[in-house]
Protein chains: 2
Amino acid sequence: MLIRVDSAAARPLAEQIAASVRRALAEGELAPGDRLPSARETARLLEVNMHTVLRGYQILKAEGLIDLRPGRGAVVTATPERARIPELIDHLVEGARGAGVTDAELLSLVRSALGGPDQAGS
Amino acid sequence: MLIRVDSAAARPLAEQIAASVRRALAEGELAPGDRLPSARETARLLEVNMHTVLRGYQILKAEGLIDLRPGRGAVVTATPERARIPELIDHLVEGARGAGVTDAELLSLVRSALGGPDQAGS
DNA sequence: CTCATTGTTCTAGCATGATGCGAACAATGC
DNA sequence: GCATTGTTCGCATCATGCTAGAACAATGAG
């Protein structure tokens with residue numbers, strides 16, 4: 001099965017679903033244009049609620065990895081390379097949190113790393 | 001102030017407290033033998049509950065960074081180098097989660113990276 | 001157009017975790 | 001002895017994740 005979850009894990013089910021797709025995408029198991037199984041279908045197979053699956057799909061949509069449209073379903077839009085970006089960002093953010101770096105400080109650091117002006121604050 | 005917290009952040013307060021101390025430790029602001037402010041004192045200053053501060057301290061104790069004893073308070077036991085380890089582990093775990101790597105798989109990867117035998121599963 | 005499929009939105013309820021609050025207890029160091 | 005400090009109870013409150021059911025709207029095939 002493409003998407004797998006562990007209901008016993010502390011990780012929210014929706015995030016597990018998103019992570020499954022992200023991983024399949026990064027490993028080339030999914031390509032741009034491919035269609036994910038419908039939320040209702042996936043919910044039945046995983047024995048979770050449809051809303052939970054949709055929530056996972058919405059995460060991927062917000063990350064720009066898939067496209068969601070009623071009647072057509074969830075379509076992959078990102079390349080494997082593109083799929084790794086959200087995960088890298090996740091690393092960065094979690095690392096900053098663990099180090100006690102505030103969100104504002106992190107943003108400032110990223111901005112300066114991008115070569116732009118350091119315009120933190122108002 | 002040594003410990004700072006943002007009650008508006010999504011991050012749990014106890015984890016923010018632990019992150020603050022971890023960062024101070026890693027940056028050399030705290031050295032082995034130093035004593036953290038008492039939980040009651042910190043709670044008053046941060047305007048949070050004492051239990052929340054103690055919960056943060058317990059996290060640090062579980063990570064082996066400080067020593068907790070009634071009547072004596074919270075004493076730093078870790079070197080700055082040692083203090084960075086929990087945060088590095090946190091990066092790794094969060095990265096694995098974001099990539100859809102299961103905990104068992106991650107453990108296996110770490111084991112093999114350490115040169116030991118790959119004895120995943122039962 | 002007709003219709004099944006699919007995502008979207010809404011409301012509601014339940015379980016869990018984080019936090020707060022109060023109190024009593026035990027260990028430490030003066 | 002005594003003040004200080006962490007430890008351990010129990011309980012209340014609030015936010016979040018998940019489930020549940022229903023109606024709605026967009027899409028694509030016939």
Side-chain angles (χ1 to χ4, degrees), chain A residues 2-21 30 33-77 94 97-98, chain B residues 2-21 30 33-78 90 94 97-98:
Chain A
L2 178 69
I3 303 176
R4 287 181 308 142
V5 294
D6 174 16
S7 55
R11 197 81 177 165
L13 293 173
E15 287 186 31
Q16 290 186 47
I17 291 170
S20 284
V21 176
L30 285 174
D34 285 357
R35 201 163 147 272
L36 297 182
S38 81
R40 285 179 175 82
E41 170 86 2
T42 302
R44 196 169 48 74
L45 292 176
L46 297 181
E47 293 179 339
V48 300
N49 196 273
M50 177 192 67
H51 298 300
T52 304
V53 177
L54 260 324
R55 224 166 276 141
Y57 284 7
Q58 287 291 348
I59 293 174
L60 296 169
K61 179 186 178 185
E63 292 176 349
L65 301 185
I66 66 174
D67 197 43
L68 286 177
R69 298 179 81 169
R72 210 182 48 173
V75 180
V76 173
T77 60
E94 294 301 333
R97 297 275 165 74
Chain B
L2 178 69
I3 303 176
R4 286 182 310 140
V5 150
D6 175 16
S7 56
R11 198 85 177 166
L13 293 174
E15 287 186 30
Q16 291 186 46
I17 291 170
S20 283
V21 177
L30 286 175
D34 285 357
R35 200 162 149 273
L36 298 183
S38 80
R40 285 179 175 83
E41 171 85 2
T42 302
R44 196 167 49 77
L45 291 176
L46 297 181
E47 294 180 339
V48 301
N49 196 272
M50 178 191 68
H51 298 302
T52 303
V53 177
L54 260 324
R55 240 164 252 143
Y57 283 6
Q58 287 292 346
I59 293 174
L60 296 169
K61 179 185 177 185
E63 292 175 351
L65 300 186
I66 67 174
D67 195 44
L68 286 177
R69 300 179 82 169
R72 210 183 46 174
V75 180
V76 173
T77 61
D90 197 51
E94 294 301 332
R97 297 274 165 75

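In what follows, chains carry the letters A, B, and so on, assigned in the order in which the sequence lines appear, proteins first and then strands, with residues in each chain numbered from 1. These numbers come from the heavy atoms of this one structure, side chains and all, not from hydrogens, waters or symmetry mates.
A salt bridge links B:Arg72 with B:Asp67; the closest basic N to acidic carboxylate O contact falls under 4.0 Å.
The CG-C1' distance, from A:Asp67 to D:dA26, rounds to 13 Å in whole Å. As rounded to whole Å, 15 Å separates atom C1' of C:dG17 from atom CG of B:Asn49. Between A:Glu15 atom CD and D:dT16 atom P the separation is 13 Å, expressed in whole Å. Atom CZ in A:Arg11 sits about 11 Å away from atom P in D:dC18, given to the nearest Å.
Distances shorter than 4.0 Å separate some side-chain N or O of B:Thr52 from OP1 or OP2 on C:dG20.
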Check: protein-nucleotides 6-9 of chain D nitrogen or oxygen pairs below 3.5 Å:
{"from": "D:dG6", "atom 1": "OP2", "to": "B:Ala39", "atom 2": "N", "distance (Å)": "3.1"}
{"from": "D:dG6", "atom 1": "N7", "to": "B:Arg40", "atom 2": "NH1", "distance (Å)": "2.9"}
{"from": "D:dG6", "atom 1": "O6", "to": "B:Arg40", "atom 2": "NH2", "distance (Å)": "3.1"}
{"from": "D:dT7", "atom 1": "OP1", "to": "B:Gln58", "atom 2": "NE2", "distance (Å)": "3.4"}
{"from": "D:dT7", "atom 1": "OP2", "to": "B:Gln58", "atom 2": "NE2", "distance (Å)": "2.6"}

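The structure places CZ of A:Arg44 at 13.5 Å from CE of A:Met50, a figure rounded to the nearest 0.5 Å. Here CD1 of A:Ile59 is found 13.0 Å from NZ of A:Lys61. Values are rounded to the nearest 0.5 Å. Here the CD atom belonging to B:Glu15 is positioned 12.0 Å from the CZ atom belonging to B:Arg55, to the nearest 0.5 angstrom.
More than 12 non-hydrogen atoms from other residues, nucleotides or ligands lie less than 6.0 angstrom from CZ of B:Arg11.
Closest of all the heavy-atom pairs between A:Thr52 and A:Ile17 is O-CD1, 4.1 Å.
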